[in-house]
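This is a predicted model, so every value here is computed, not measured. Just so you know, ligand 1 is whichever comes first in the structure, and atom 1 is the first atom listed for that ligand.
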Amino acid sequence: MPKTALTKDEVKEMLILVADRIIENEPMLSEADRNLGDGDHGLGMKRGMEAVKEKLAGGVDSVEKAFANTGMAMMSSMGGASGAIFGTLWRNGGKALAGREAFDGQGLADLIKAGLEGVMARGGAKPGDKTMIDALHPAMLKAQEVAALPLNDAITAVAQAASDGRDASKAMIATMGRAKTLGEGSIGFPDAGACSVAVIFDAMRDYICA
Ligand code: ADP
Ligand code: MG
């Protein structure tokens, strides 16, 4: 049955599915980073998500903590740009949900907005720089638009926007991170972090809509 909102324990289960999907997609994420960077993105994300599974296995106290603990586990287990970036996404996003009993369409919109703001403040990148922001920013815009819908309908639209953003990143010229040195040579490949964002929202959709 598609879910119109999630309890804290369902948020935990959803995040474990997200972790498993990132772990399964390690080869694709590594390949994406080999095309533009140093090839370690998949392994870093995999390590981070293994730490997330361990952390969440102990149970979660709230919707806020389920997301925030995911971010803390990534930050403390991963090196590289993406540990700080993806850790900030979940931690700041989770904090925006303090006091919420359920995770619904409005919660999704608030999570992504606060997460994106944190990532932009932390790393200094903006839309169009060919980073994970190019999947996250369109997801944020779509999430605001569909915030009043039931969660299953909202996440379906948001996951599509994230995947479209990942695809759009292929045409961009990298101006941040390791891919910057490639200049126009970065055209034609999707950003690795944007690929991770698309995997994350697809997994959330699959859990919520199952
Ligand atoms: P590293 O670049 O240290 O090898 P990873 O390979 O794990 O780290 O992650 C690379 C990804 O991190 C990029 O594909 C990009 O999406 C993201 N990234 C790098 N720098 C930034 C930044 N300043 N803001 C947002 N995302 C960034
Ligand atoms: Mg890398």
Checklist entry - Among protein heavy atoms, which lies nearest atom 3 (O) of ligand 1, and at what distance? => result Ala81 N, 2.9 Å
Item to check | Gly193 neighbourhood, listing ligand 1 atoms whose heavy-atom distance to it stays under 4.0 Å | outcome: 14 (O), 16 (O)
Item to check | Side-chain donor-acceptor contact under 3.5 Å, Glu26 with Ser30 | outcome: yes
Checklist entry - So is Val119 polar-close to ligand 1, meaning N/O to N/O under 3.5 Å? => result no
Checklist entry - Between Tyr207 and Lys3, is there a cation-pi geometry (under 6.0 Å to ring centre, at most 45° from the normal)? => result yes
Checklist outcome for this item: among protein heavy atoms, the one nearest atom 10 (C) of ligand 1 is His41 ND1, 4.0 Å
Checklist entry - To which protein heavy atom is atom 24 (N) of ligand 1 closest, and what is the distance rounded to 0.1 Å? => result Ala125 CB, 3.5 Å
Item to check | Closest protein heavy atom to atom 17 (C) of ligand 1, given as residue, atom name and distance to 0.1 Å | outcome: Met132 CG, 4.3 Å
Checklist outcome for this item: With Met204 as partner, the option from Leu151, Ile155, Leu6, Val158 fulfilling side-chain contact (heavy atoms from CB on, under 4.5 Å) is Ile155
Item to check | Distance, nearest 0.5 Å, that separates CZ of Arg178 from CG of Leu36 | outcome: 12.5 Å
Item to check | Which residue and heavy atom of the protein sit nearest atom 23 (N) of ligand 1, plus the separation | outcome: Gly123 O, 3.1 Å
Checklist entry - What residue among Lys130, Lys170, Met172 forms side-chain contact (heavy atoms from CB on, under 4.5 Å) with Pro190? => result Lys170
Checklist entry - Can you say whether the rings of Trp90 and Phe67 are parallel (under 30°), tilted (30 to 60°) or perpendicular (over 60°)? => result parallel
Next on the checklist: Please work out, at 4.0 Å between heavy atoms, whether the side chain, the backbone, both, or neither of Ile85 comes within that distance of ligand 1.
Outcome noted: side chain
Checklist outcome for this item: For the Mg ion (ligand 2), the nearest N/O/S atom on Asp40 is atom OD1
Item to check | Heavy atoms from other residues, nucleotides or ligands near CE of Met72 exceed 12 (cutoff 6.0 Å) | outcome: no
Item to check | Test side chain to side chain donor-acceptor pair (under 3.5 Å) applied to Thr131 and Asp191, step by step | outcome: CA-CA 6 Å; Thr131 70; Asp191 172 67; 5.4 Å; no
Checklist entry - Nearest to the Mg ion (ligand 2), which N, O or S atom of Asp38 do we find? => result OD1
Checklist outcome for this item: If you scan protein heavy atoms around atom 13 (C) of ligand 1, the nearest is Asp191 OD1, 3.4 Å
Checklist entry - So which protein heavy atom does atom 2 (O) of ligand 1 come closest to, and at what separation? => result Arg178 NE, 3.3 Å
Checklist outcome for this item: atom 7 (O) of ligand 1: closest protein heavy atom, distance to 0.1 Å, is Ser82 OG, 2.5 Å
Item to check | Glu10 side chain vs Thr7 backbone, donor-acceptor pair below 3.5 Å | outcome: yes
Next on the checklist: Can you confirm whether more than 12 heavy atoms, excluding those of Lys8, are under 6.0 Å from its NZ atom?
Outcome noted: yes
Checklist entry - In terms of atom number and element, which parts of ligand 1 are under 4.0 angstrom from non-hydrogen atoms of Met176? => result 23 (N)
Checklist outcome for this item: Of all N, O or S atoms in Asp33, the one closest to the Mg ion (ligand 2) is OD2
Checklist entry - Which ligand 1 atoms are under 4.0 Å away from a heavy-atom of Asp33? => result 6 (O)
